[in-house]
Amino acid sequence: MSAKGPSSTLIEALTMQGRVIQALIMREMKTRFGRQRLGYAWALIEPLIYVAIFMALYSFRGREAPSGIPILPFLVTGVMPFMLFRNMVTRTLGALLSNRALLYFPQVTPFDLVVARALLEIGTAAFVFAIFMVAAQLSDQSLRVERPLDVVVWFAVGSLVGFGLGTIFSTLGPLFASIERLVPTVLLRPLFFTSGLFFTAEMIPAGVRDFALLNPMLHVTELVRSALFVGFESEYADPAYPIQTALVLTFIGLTMQRAMRKRVLTALQG
Amino acid sequence: MIELTNVSKAYRAGSGRRVVLDDVSVVFPTGVSVGILGLNGAGKSTLLRIIGGVEPPDRGSVRRDVRISWPIGFSGGLHTTMTGRENVQFIARIYGAPIRRVERFAEDFAELGVYFDMPVRTYSSGMRARLAFAVSMAAEFDCYLVDEVMAVGDARFNAKYRRAFKERREGASVIMVSHNPQTIMQECDIAVVLSRGKLTMYPSVDEAMSAYRELMST
């Protein structure tokens, strides 16, 4: 067994970090899925509920699916990237607060805690999305994905935006008690209604559109749909914008985590 | 070897700050057992937690090149929503220890019965301490950190713990905090005295004891 400090070699340090992150993921799987009765199924059911609600609204208003995309895949491609983004924010936000005891171990760093939760969210989302894709493929043999690699890329960019934000808040959360309460309402709710879950950028009234396009997740949704659906290309999405936002937020988040580490640990354990 | 370099630590106390460690630099040599002496509230336990890495210093660095335990019986690292078993598995994993063996040892040693598979938040403080002790004893370290309240639970568990610790202690050193001079004399080769943020190392326990007595009489 080894509990060595900073004097160990790089390989030892990486092995230890790998071990720690693996142990954290295994523990997070239990808290995330193991305690509820529905367990893993909930990861699948939650997006379906959103899709079902939006479907009901669409048919109630007798609206056509936009831009010739069938309504079901249209909604799934709106809900999935946003839910991954939202889960990344809320799960990494709480990573330190709900694991404060584990930070007593010198091996476990705040970085390990946010990364472990982020990896579990990405894995879960990938699994759920794969199930949806297989289901879509089975129900409609003619379905084809225009640029599969781009779909993966834009999901990843969206999740990185969420990771950056969540990491920033994970550092602020232990210092300001209101953060955990404010983020879902003040930040995530406006983003929910402007991320294009159930509309395209084109459908937004011109005056509001520029404002909505400040939300990087609207770009991500548009880019996922452009990559997935043959015949749909977003006129409004700017690929550089969400990528830059993701990188800047992640950089800020990790820098804050490092710079404020001692204050955060003292606040959590004091 | 455990090396503290320019380590400072202070707490907010009311409106002011209480300095526990003030620019402390010290080397604890490998294989040498060290007693930590100091008046109540001098920060002995804080020093032990900083050595063990469970608490970061405000300034300065700690270098460790031996396998060092967390303070024995310290239950702060137990996650309250995880079960006893899950906590043990987690700790074994991050230390790279054989999971099944550590799990079996801890389950047997802690004597928690069905509670071993219940969340730690349902435990009494005695049960938490027993689990914490069991995990510490399941793992092999070069250096054990011992805080003075070594008595835990009933006399029988205490005796069992002391037997286990004696076994672990062979070939390993300890760094211990105790009010009891007798314990320090028995267990330690040298001792340090912590007073007003400064740490003084003495080459023998006897010399440290006389400095400590002087401190108590002033």
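All chains are named by letter (A, B, ...) in the order of the sequence lines, taking the proteins before the strands, and each is independently numbered beginning at 1.
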Take a 6.0 Å sphere around [atom1] of [X] and say whether it holds more than 12 heavy atoms from other residues, nucleotides or ligands.
X	atom1	answer
A:F192	CZ	yes
A:E180	CD	no
B:Y11	OH	yes

Greatest number of heavy atom pairs closer than 4.5 Å to chain A - which of B:P56, B:S61, B:G52: B:P56
For the atom pair [atom1] ([X]) and [atom2] ([Y]), what is the distance rounded to the nearest 0.5 Å?
X	Y	atom1	atom2	result
A:K262	B:D58	NZ	CG	7.0 Å
B:N87	A:L102	CG	CG	7.5 Å
B:H79	A:L103	NE2	CG	9.5 Å
B:M82	A:R27	CE	CZ	5.0 Å
B:R93	A:L24	CZ	CG	10.0 Å

Under 4.5 Å from any heavy atom of chain A - which part of B:I91: side chain
Considering all heavy atoms, the nearest A:M16-B:I94 contact: SD-O, 4.5 Å
B:Y95 vs A:R19 side-chain heavy atoms within contact, under 4.5 Å: no
Residues of residues 79-101 of chain A within contact distance of chain B, non-hydrogen under 4.5 Å: A:S98, A:N99, A:A101
Per-residue contact mode, A:I21 against chain B (heavy atom under 4.5 angstrom): neither
Most contacts with chain B, counted as non-hydrogen pairs under 4.5 angstrom, among A:Q22, A:Q17, A:M26: A:M26
